[in-house]
Amino acid sequence: MGRPHVVMLSIPGQGHINPMLELAQILHSRGFFITFVTRAQRESILRSQGPDALRRDSRISDTRQSDGCSVARFADPESHVVRWCLMTYENCAAPFKDLLVRLNSLRGGAEGHLRRVALDVAEELSIRSFVFMTMSACGFICSLYLDEVIRRDDNNLTMDTPIDFIPGLKDIRPRDLPSFVRTADQEDFIFKLAQNAAKKSVGAKNLLLNTFDLLEDEVLNALKSKFQKVYTVGPLASHNTTTPTKPMRLSLWKEEDRGYTEWLNQQRPSSVIYVNFGSIITITTEELVEFAWGLANSNHPFLWVIRHDLVCGRSAVLPKDFLDKTKERSYILSWCSQDEVISHKSIGGFLSHCGWNSTLESINSGVPMICWPRFDDQNMNARYVCKEWGFGIEIDEDVKRGQVTSKVKELMEGEKGDEIRKNVVYWRERAKKAATQGGSSYENINELIEDINLV
Ligand code: UDX
């Protein structure tokens with residue numbers, strides 16, 4: 001009998017590909033053969049890493065079907081998400097089924113956001129399927145209560161009215177709900193997508209989450225009553241895989257400049273603010289300028305990643321006097337290896353959009369956060385980071401330079417900063433423990449492997 005074979009289907013977003021690859025790497029190190037399927041981003045992978053990226057590892061494949069979008073769709077979160085999901089949902093099932101039929105020795109399929117497609121195809125072919133939600137449990141649980149949110153929505157509900165009808169969630173308000181829940185339009189595509197997909201994932205029975213029991217215990221207890229099995233396996237990046245030692249990455253952006261490692265090496269320990277708003281959100285020029293002057297006036301060194309498509313509809317132009325004022329203590333670039341940057345000893349704080357991967361990477365590196373959430377589960381993550389887990393402080397949605405400066409100083413200089421730093425170190429140790437032999441996530445990976453092998 002050959003090696004057990006897992007097919008993984010990931011939506012082509014960086015925040016989904018990364019944890020799926022981390023899981024792939026763990027399963028691969030435990031003897032599985034992996035076929036990793038993603039689609040439509042082949043062109044951007046080739047652009048960022050050259051043609052060898054797809055060739056050098058036979059375990060990475062794609063469905064070789066163009067969705068007709070260019071990478072420019074990332075310029076606008078609304079349009080790109082809608083088009084990206086629509087085209088994927090509409091076009092992916094047939095080539096995915098063909099691929100599965102062509103592959104032999106299937107043992108199980110694990111997949112991310114493409115639940116409807118993957119689960120239907122898997123069911124048709126009698127392949128066992130596992131849903132891997134790459135967002136936080138506290139963000140995900142909201143999608144199971146969309147009907148309730150609609151029922152309770154009335155004119156008396158403000159953005160600060162306490163919400164008590166989602167089990168497991170503590171001390172939350174409408175403003176903390178994921179962006180797809182906060183829409184007023186029930187015909188909204190993303191709203192409907194989340195609603196259908198949530199129903200479908202409950203049908204799938206097996207849910208994988210990149211979190212650990214202690215971090216989200218109450219939400220997880222609530223989720224466990226809705227699924228036959230919930231495997232909490234995170235943080236995936238904390239697991240020790242025997243080979244290879246370096247995490248496998250499939251980056252959708254090119255690192256044009258590696259000079260930052262040298263620059264970071266020259267900075268004092270824990271002195272640098274790292275600023276990165278992830279792979280999806282866009283900001284306005286006004287917001288960019290507020291962040292720029294807020295950072296400049298803090299007088300702390302900073303490393304700032306400004307994606308080419310971060311500023312909606314145009315390239316980012318930073319004021320010349322800002323660049324002159326900060327040139328001795330800043331490093332600005334368009335993309336970096338975040339896992340390397342955030343774990344560098346010079347990093348003292350992370351100004352972030354609170355994507356779930358970034359939040360986990362902060363925990364893994366013991367770096368406290370300044371949170372400026374915008375989209376998807378980011379608001380909920382920020383609420384938990386600041387209120388429940390105590391390793392972050394939040395900047396108002398309507399960002400102003402004065403507040404950026406004061407929050408940076410609070411984190412880097414004040415007593416509050418010391419307390420937050422202690423809390424993140426507390427969570428880093430708990431995360432490590434969870435992913436080490438005897439820990440909850442480590443043992444859940446063992447259980448997952450046993451369950452896949454049972455098929
Ligand atoms: C979005 C959601 O906000 C997130 O919560 C959801 O689970 C997935 O989609 P995104 O903007 O992609 O997230 O952010 P995040 O979840 O933080 O993922 C980004 C990934 O790209 C991280 O693993 C990060 O390390 C990596 N990255 C980002 C880089 O390697 N370099 C960069 O310059 C920026």
Side-chain angles (χ1 to χ4, degrees), residues 10-23 25 41 44-45 48-49 74 77 80-81 84-85 112-114 131-143 176-180 190 194 197 208-211 234-238 246-258 260-261 274-283 303-310 331-344 347 350-365 367 369 371-385:
S10 170
I11 210 153
Q14 198 69 64
H16 301 268
I17 288 176
N18 287 3
M20 290 285 274
L21 275 179
E22 284 162 359
L23 179 62
Q25 208 165 331
Q41 296 282 14
S44 51
I45 292 168
S48 72
Q49 306 201 336
F74 280 83
H80 104 68
V81 171
W84 169 53
C85 294
H113 244 299
L114 295 173
V131 170
F132 177 17
M133 279 311 304
T134 53
M135 60 165 65
S136 56
C138 55
F140 174 59
I141 197 164
C142 299
S143 62
D176 306 316
L177 293 173
S179 52
F180 59 80
I190 298 285
L208 273 73
L209 288 164
N210 193 9
T211 188
L236 288 163
S238 293
K246 207 173 148 33
M248 189 159 66
R249 283 284 185 240
L250 203 57
S251 184
L252 303 179
W253 279 267
K254 189 180 165 73
E255 272 193 274
E256 291 160 339
D257 171 4
R258 286 280 320 180
Y260 59 85
T261 308
Y274 167 52
V275 188
N276 196 326
F277 298 125
S279 71
I280 296 178
I281 69 161
T282 56
I283 68 176
L303 183 140
W304 189 0
V305 174
I306 302 179
R307 282 188 345 259
H308 289 310
D309 55 358
L310 179 67
Y331 202 99
I332 298 173
L333 70 169
S334 63
W335 187 257
C336 69
S337 294
Q338 179 161 296
D339 49 341
E340 287 177 35
V341 169
I342 200 167
S343 56
H344 194 280
I347 299 297
F350 183 17
L351 170 48
S352 167
H353 67 309
C354 289
W356 187 235
N357 298 288
S358 294
T359 305
L360 290 176
E361 286 156 18
S362 250
I363 293 180
N364 285 345
S365 308
V367 173
M369 302 179 93
C371 308
W372 191 62
R374 297 296 292 247
F375 171 69
D376 206 10
D377 58 336
Q378 296 161 11
N379 289 68
M380 188 62 85
N381 301 342
R383 179 70 173 172
Y384 267 72
V385 165

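Every number for a ligand or one of its atoms is a count from 1 in the order of the listing.
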Just to confirm my output: which protein heavy-atom neighbour is closest to atom 7 (O) of ligand 1, and how far is it?
T134 O, 3.3 Å
Side-chain donor-acceptor pair under 3.5 Å between D257 and Y331, yes or no?
yes
Answer yes or no: does an N/O atom from S337 fall short of 3.5 Å to an N/O atom of ligand 1?
no
Check for a donor-acceptor pair, side chain of R307 on one end and backbone N or O of I281 on the other, with a separation under 3.5 Å.
yes
Identity and separation of the nearest protein heavy atom to atom 17 (O) of ligand 1
S358 OG, 2.5 Å
For G15, the ligand 1 atoms whose distance to one of its heavy atoms is below 4.0 Å:
12 (O), 18 (O)
Among all the protein's non-hydrogen atoms, which is closest to atom 1 (C) of ligand 1, and how far away is it?
I280 CD1, 3.8 Å
Just going by heavy-atom distances, which of D377, N379, N381 is nearest to atom 2 (C) of ligand 1?
D377
Counting both backbone and side chain atoms, is some N or O of F277 under 3.5 Å from an N or O of ligand 1?
no
Identify the closest protein heavy atom to atom 21 (O) of ligand 1: which residue and atom is it, and at what distance?
Q14 CG, 3.4 Å
Strictly by modelled atom types, are S251 and W335 linked by a side-chain donor-acceptor pair under 3.5 Å?
yes
Is the backbone of H308 close enough, under 3.5 Å, to the side chain of W253 for a donor and an acceptor to pair up by distance?
no
Under 3.5 Å, is there a donor-acceptor pair between the side chain of S365 and the main chain of V367?
no
Quick check: closest heavy atoms across H353 and S358, and the distance to 0.1 Å?
CE1-OG, 3.6 Å
Could you tell me whether the side chain of Q14 and the main chain of L250 form a donor-acceptor pair under 3.5 Å?
yes
Which of the ligand 1 atoms, numbered from 1, are nearer than 4.0 Å to a heavy atom of H353:
10 (P), 11 (O), 14 (O), 15 (P), 17 (O)
For ligand 1, which atoms sit closer than 4.0 Å to a heavy atom of G355?
3 (O), 4 (C), 5 (O), 14 (O), 15 (P), 16 (O), 17 (O)
Min side-chain heavy-atom separation F277-T282 under 4.5 Å:
no
Side chains of T134 and H16: any donor to acceptor distance under 3.5 Å?
yes
Which residue and non-hydrogen atom of the protein lie closest to atom 16 (O) of ligand 1, and at what distance in Å?
N357 ND2, 2.8 Å
With a 3.5 Å cut-off and no angle check, do the side chains of E340 and Y260 form a donor-acceptor pair?
no
Answer yes or no: does an N/O atom from N276 fall short of 3.5 Å to an N/O atom of ligand 1?
yes
Go through ligand 1 atom by atom and flag the ones less than 4.0 Å from a non-hydrogen atom of Q378.
2 (C), 3 (O)
I'd like to check whether N18 has a polar contact with ligand 1, where a contact means an N/O of the residue lying under 3.5 Å from an N/O of the ligand.
yes
I need the nearest protein heavy-atom contact for atom 12 (O) of ligand 1: residue, atom name and distance, please.
S279 OG, 2.5 Å
Residue, atom name and distance, where the atom is the protein heavy atom closest to atom 31 (N) of ligand 1
C336 O, 2.6 Å
Heavy-atom contacts with W335 under 4.0 Å: which atoms of ligand 1 show up? List them by number with element.
27 (N), 28 (C), 29 (C), 30 (O), 31 (N), 32 (C), 33 (O), 34 (C)
Using a strict 4.0 Å cut-off to heavy atoms of H16, name the atoms of ligand 1 that fall inside it.
8 (C), 9 (O)
Does any N or O atom in E361 lie less than 3.5 angstrom from one in ligand 1, N or O only?
yes
Any side-chain heavy atom of M133 within less than 4.5 Å of one from L208?
no
Would a 4.5 Å heavy-atom cut-off, applied to side chains only, mark I306 and S334 as touching?
no
Only heavy atoms of V305, strictly under 4.0 Å: list the atoms of ligand 1 that pass.
33 (O)
Proximal atoms of ligand 1 relative to M135 (non-hydrogen, under 4.0 Å)
7 (O)
Less than 3.5 Å apart, any donor N or O on the side chain of S136 or N381 sitting next to an acceptor on the other?
yes
